[in-house]
Engineer: 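Below is one structure. I have some questions about it.
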Amino acid sequence: MGSILSTFGSLAIGGIVASATIVGVVSSQTSPSGESPANVNQPVIQYGSEG
């Protein structure tokens, strides 16, 4: 009986850790445009240095 409970407990903890990891990855990949390195509306094209 104890092994069944420990199995379900470890599955629950593993599911929580996996879902938190997935939420973190998705939220970091879909962050607001202020943190994004590129802006689609105003692209910056640098052809050479100014110095």
Engineer: Cluster partners of M1, using ILVMFWY side-chain heavy atoms under 4.5 angstrom, listed by chain and number?
Structural biologist: none
Engineer: How would you list, by chain and number, every residue that makes a side-chain contact (heavy atoms from CB on, under 4.5 Å) with I4, sequence neighbours excluded?
Structural biologist: F8
Engineer: Starting at OG of S27, measure out to CD1 of I22 and round the result to the nearest 0.5 Å.
Structural biologist: 12.0 Å
